[in-house]
Amino acid sequence: MNTVYLNGEYIPEDQAKISVFDRGFLFGDSVYEVIPFYQGVGFRLQEHIDRLNHSLRAVRISCEMDWAQILGDLVEKNGGGNLSVYLQITRGDAGKRSHVYDEGLQPTVFACCSEIKDIWQAGADDILPIKAMVMEDLRWHRCDIKSTCLLPNILVLQQANDEGVQEAILSRDDRLTEGSACNLFLVKRGVLFTPKRSSEILGGITRELILELADEYGIQYQEVDVDYDRLLAADEVWVSSSTRGIIPVIEVDGHQIGDGNKGPMWHKMFELFVTFQRKLMRGTK
Ligand code: PLP
């Protein structure tokens, strides 16, 4: 039985209960993070904590805790292997349903783990490319907040799956923003492009690392507006997230991207990423 963390306690998952009046349940009035731990070591843990604090501040939930300690202990209690940690903080249980909240509510803090593959021990051949379709971005204008109000993300991904592709790439006012749970990258003539960081996208931890690695290893990149034509004309398309890493997209809306294979720039970035991860595991990063 997995151990979960709920409001200060580490308990078996079947004993974890929250109130039906919790605002996270009633309104999605809550924020979250998903952080991979490989062999017990958090992937860019501090960056995830910083983003969590950004989300908390933005929605005015006051909850300062030693997240590194709490999550580290949770990982250890669950065997310390390759685990994805989910952390959710809601505004709390108000004891009634009302849109307006009292400032003094005690936030509900919940965290659990699930097993993941160590993508960085994998070779490039183990990473399967995916197909995607472009769909309207129906989300609000504060996508920089990692809110649990994920209905638009869920519906587009489900539709993509129903149509036999693995990812939805979102478009708002003819500009592509990101995927349903991932950031977007394009390669054209050896240059990397990604939509500009704004409140219309989540500041992905993996996205930032890709740009850092590009800087460090002299790969030219630009943060730009990306439209549909630019996407289809790209030599390579990738999506990125902490739990999935960097995934090549070889078809969009039935159009083949580049030569329909994982591209040379993807191979290069994948290698840089794997090397980064190995240094992290050795404690030298
Ligand atoms: N964009 C959205 C909407 C996401 O939900 C996620 C991850 O869940 C990402 C981008 C990728 O972010 P990260 O690299 O921090 O996992």
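What you see is a predicted model, and the numbers here were worked out from it, not measured in a lab. One-based numbering, in listed order, for ligands and for the atoms of each.
Counting only N and O atoms by type, the side chains of Thr90 and Asp22 include a donor and acceptor under 3.5 Å apart. Counting only N and O atoms by type, the side chains of Gln69 and Trp67 include no donor and acceptor under 3.5 Å apart.
Two residues are said to be in side-chain contact when any heavy atoms from C-beta on lie closer than 4.5 Å; Arg139 and Leu170 meet this criterion.
On a distance-only criterion, Arg139 and ligand 1 share no N/O pair closer than 3.5 Å. Geometrically, ligand 1 and Lys146 share a nitrogen or oxygen pair separated by less than 3.5 Å. Of the N or O atoms in Thr206, one or more lie within a sub-3.5 Å distance of an N or O in ligand 1. Here's the thing with Ser241: none of its N/O atoms is less than 3.5 angstrom from an N/O atom of ligand 1. Here's the thing with Ser242: one of its N/O atoms is less than 3.5 angstrom from an N/O atom of ligand 1. Any N or O atom pair closer than 3.5 Å counts here, and Ile205 shares at least one such pair with ligand 1.
For atom 5 (O) of ligand 1, the closest non-hydrogen atom on the protein side is Ala181 CA, 3.4 Å. Atom 12 (O) of ligand 1 has its closest protein heavy atom at Gly204 CA, 3.5 Å.
Those atoms of ligand 1 that come under 4.0 Å of a heavy atom in Ser180, given as number and element, are 3 (C). Close contacts between ligand 1 and Ser240 involve ligand atoms 11 (C) [criterion: under 4.0 Å to a heavy atom].
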Under 3.5 Å donor-acceptor pairs involving side-chain atoms of residues 122-131, not counting sequence neighbours:
| residue | atom | partner | partner atom | Å |
| --- | --- | --- | --- | --- |
| Asp126 | OD2 | Gly123 | N | 2.8 |

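Residues Leu202 and Leu186 do not share a hydrophobic cluster, clusters being chains of Ile/Leu/Val/Met/Phe/Trp/Tyr side chains in contact below 4.5 Å.
Of the listed residues (Arg44, His48, Arg244, Arg51), the one carrying the non-hydrogen atom nearest atom 15 (O) of ligand 1 is Arg51.
Applying the side chain to side chain donor-acceptor pair (under 3.5 Å) test to residues at least two apart or on different chains, the pairs with a partner in residues 74-86 are Tyr86-Gln88.
Looking at His267, its side chain does come within 3.5 Å of a backbone N or O of Gly263 through a donor-acceptor pair.
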